[in-house]
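Order of listing sets the numbers, starting from 1, for every ligand and every atom in it. Heavy atoms only: backbone and side chains are in, while hydrogens, waters and symmetry mates are out.
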Amino acid sequence: MVNLVLVGAPGAGKGTQAMKISQKYAIPHISTGDILRDNLERGTQLGLQAKEFMDRGELVPDIVLIGIIKDRLSEPDTATGFLLDGYPRTFPQAEALDDILGQITKELDVVIDIEVPDEVLVKRLAGRRMCRCGASYHVLFNPPEVDGKCDHCDGELYQRDDDTEEAVKTRLVAYYAQTHPLIDYYSTKGLLRTVNGTGSIDDIFREICAAIDRIL
Ligand code: ADP
Ligand code: AMP
């Protein structure tokens with residue numbers, strides 16, 4: 001049982017690693033980006049509210065995200081642990097998470113920061129292809145076995161609307177201004193483990209597992 005948060009810039013490999021961690025430790029992968037994209041696709045009120053922010057590469061307002069995470073963490077599958085991917089991204093979100101966890105008598109065990117230089121992030125996002133099941137591929141660095149198809153569910157791969165040059169720039173600015181300061185917040189709490197995110201997917205996964213296993 002482990003309650004963990006993955007942080008890192010857009011394109012750091014959070015989604016890629018989250019899928020593997022969630023399988024190995026049998027904990028739900030909670031990606032706020034996936035939840036928002038699912039709402040967008042279903043045309044819900046939440047999706048409509050979030051769309052303009054997401055397309056521009058801006059953060060969706062805290063109040064919306066805090067509501068999403070509060071509801072999701074109250075679901076029974078989080079009883080044996082959870083993995084947050086893409087939340088928290090601001091101080092108010094981090095403080096709200098502390099409050100929510102306090103109310104349901106849970107605690108974070110570890111926060112893993114995946115570090116990747118900006119020039120690598122930009123190349124990763126430019127070639128990213130996604131599946132609706134949450135799997136993430138890259139046309140050069142991590143291609144699927146069959147072109148355009150997901151290895152896990154055979155779904156059709158697509159390019160995200162916010163993986164454009166303009167939106168990527170905005171997302172990186174938002175990351176450094178609003179999310180990166182959380183690294184100090186979690187470091188001060190003694191929860192932070194930093195992983196170099198430039199190696200192979202399997203090497204990074206081994207490093208993350210070693211960090212998790214040390215606290216289990
Ligand atoms: P995030 O969820 O942090 O935005 P993703 O997991 O979607 O990032 O990864 C971004 C892109 O980089 C994807 O195209 C993915 O296939 C690719 N990628 C992930 N990890 C690596 C890695 N270690 N080496 C090369 N490419 C990677
Ligand atoms: P991601 O899939 O994590 O890259 O998120 C895609 C987009 O969804 C982001 O660029 C934001 O617009 C929005 N989003 C996801 N998670 C959050 C969050 N915790 N706070 C604010 N916006 C978010």
Margin query: Please list, in number order, the atoms of ligand 1 under 4.0 Å from a heavy atom of Asn142.
Written below: 16 (O)
Checklist line | Element-labelled atoms of ligand 2 that are located less than 4.0 Å from some non-hydrogen atom of Leu36 | finding: 8 (O), 13 (C), 14 (N), 15 (C)
Check: N/O of Leu59 under 3.5 Å from N/O of ligand 2, yes or no?
Finding: no
Next item on the list: With heavy atoms only and a cut-off of under 4.0 Å, state how Ile204 meets ligand 1: side chain, backbone, both or neither.
Entry: side chain
Notebook entry, point to check: Does Arg89, backbone or side chain, put an N or O under 3.5 Å from an N or O of ligand 2?
Noted result: yes
Item checked: Pair Arg72 + Asp77, salt bridge at N-O below 4.0 Å -> yes
Note to self: List ligand 2 atoms under 4.0 Å from Thr32, heavy atoms only on the residue side.
What the structure shows: 15 (C), 16 (N), 17 (C), 19 (N)
Checklist line | Contacting atoms of ligand 1, where contact means under 4.0 angstrom from a heavy atom of Ala9 | finding: 3 (O)
Check: Can you find an N/O atom of Ser136 closer than 3.5 Å to an N/O atom of ligand 1?
Finding: yes
Next item on the list: Check whether any N or O atom of Met130, backbone or side chain, sits under 3.5 Å from an N or O atom of ligand 1, and answer yes or no.
Entry: no
Next item on the list: Select one of side chain, backbone, both or neither to describe which atoms of Ile201 lie under 4.0 Å from any atom of ligand 1, heavy atoms only.
Entry: both
Item checked: Option nearest atom 26 (N) of ligand 1 (shortest heavy-atom distance, choices Tyr137, Phe205, Phe141) -> Phe141
Notebook entry, point to check: Do any nitrogen or oxygen atoms of Arg128 lie less than 3.5 angstrom from nitrogen or oxygen atoms of ligand 2?
Noted result: no
Note to self: Suppose I only count heavy atoms of Glu58 and a 4.0 Å limit; which atoms of ligand 2 are within that range?
What the structure shows: 11 (C), 12 (O)
Check: Relative to the heavy atoms of Gly199, which atoms of ligand 1 are at a distance of less than 4.0 Å?
Finding: 22 (C), 23 (N), 24 (N)
Check: Would you say ligand 2 has an N or O under 3.5 Å from any N or O of Asp85?
Finding: no
Next item on the list: Taking only Lys NZ, Arg NE, NH1 and NH2, and the carboxylate oxygens of Asp or Glu, determine whether Asp38 and Arg42 approach each other closer than 4.0 Å.
Entry: yes
Item checked: atom 22 (N) of ligand 2 - nearest protein heavy atom and its distance -> Val60 N, 3.0 Å
Check: So between Arg124, Arg160, Arg128, whose heavy atom ends up nearest atom 22 (C) of ligand 1?
Finding: Arg124
Notebook entry, point to check: Counting each atom of ligand 2 from 1 as listed, which ones have a heavy atom of Gln93 under 4.0 Å away?
Noted result: 18 (C), 19 (N), 20 (N), 21 (C)
Next item on the list: Give the ring-plane orientation class for His180 versus Tyr176, where under 30° counts as parallel, over 60° as perpendicular and anything between as tilted.
Entry: tilted
Next item on the list: Please say whether Leu125 places an N or O atom under 3.5 Å from an N or O atom belonging to ligand 1.
Entry: no
Notebook entry, point to check: Hey, does Arg160 come in under 3.5 Å of ligand 2, counting only N/O atoms on both sides?
Noted result: yes
Notebook entry, point to check: Could Arg37 and Glu41 be called an ion pair, given the rule that one side-chain N must be under 4.0 Å from one carboxylate O?
Noted result: no
Notebook entry, point to check: For Gly11, is the nearest heavy atom under 4.0 Å from an atom of ligand 1?
Noted result: yes
Next item on the list: Please could you name the atoms of ligand 2 that Tyr87 approaches to less than 4.0 Å, counting only its heavy atoms?
Entry: 19 (N)
Checklist line | Sub-3.5 Å N/O-N/O distance, Gly86 and ligand 2 | finding: yes
Next item on the list: Check whether any N or O atom of Gly15, backbone or side chain, sits under 3.5 Å from an N or O atom of ligand 1, and answer yes or no.
Entry: yes
Margin query: With a 4.0 Å cut-off on N to O distance, would you call Arg171 and Asp163 a salt bridge?
Written below: yes
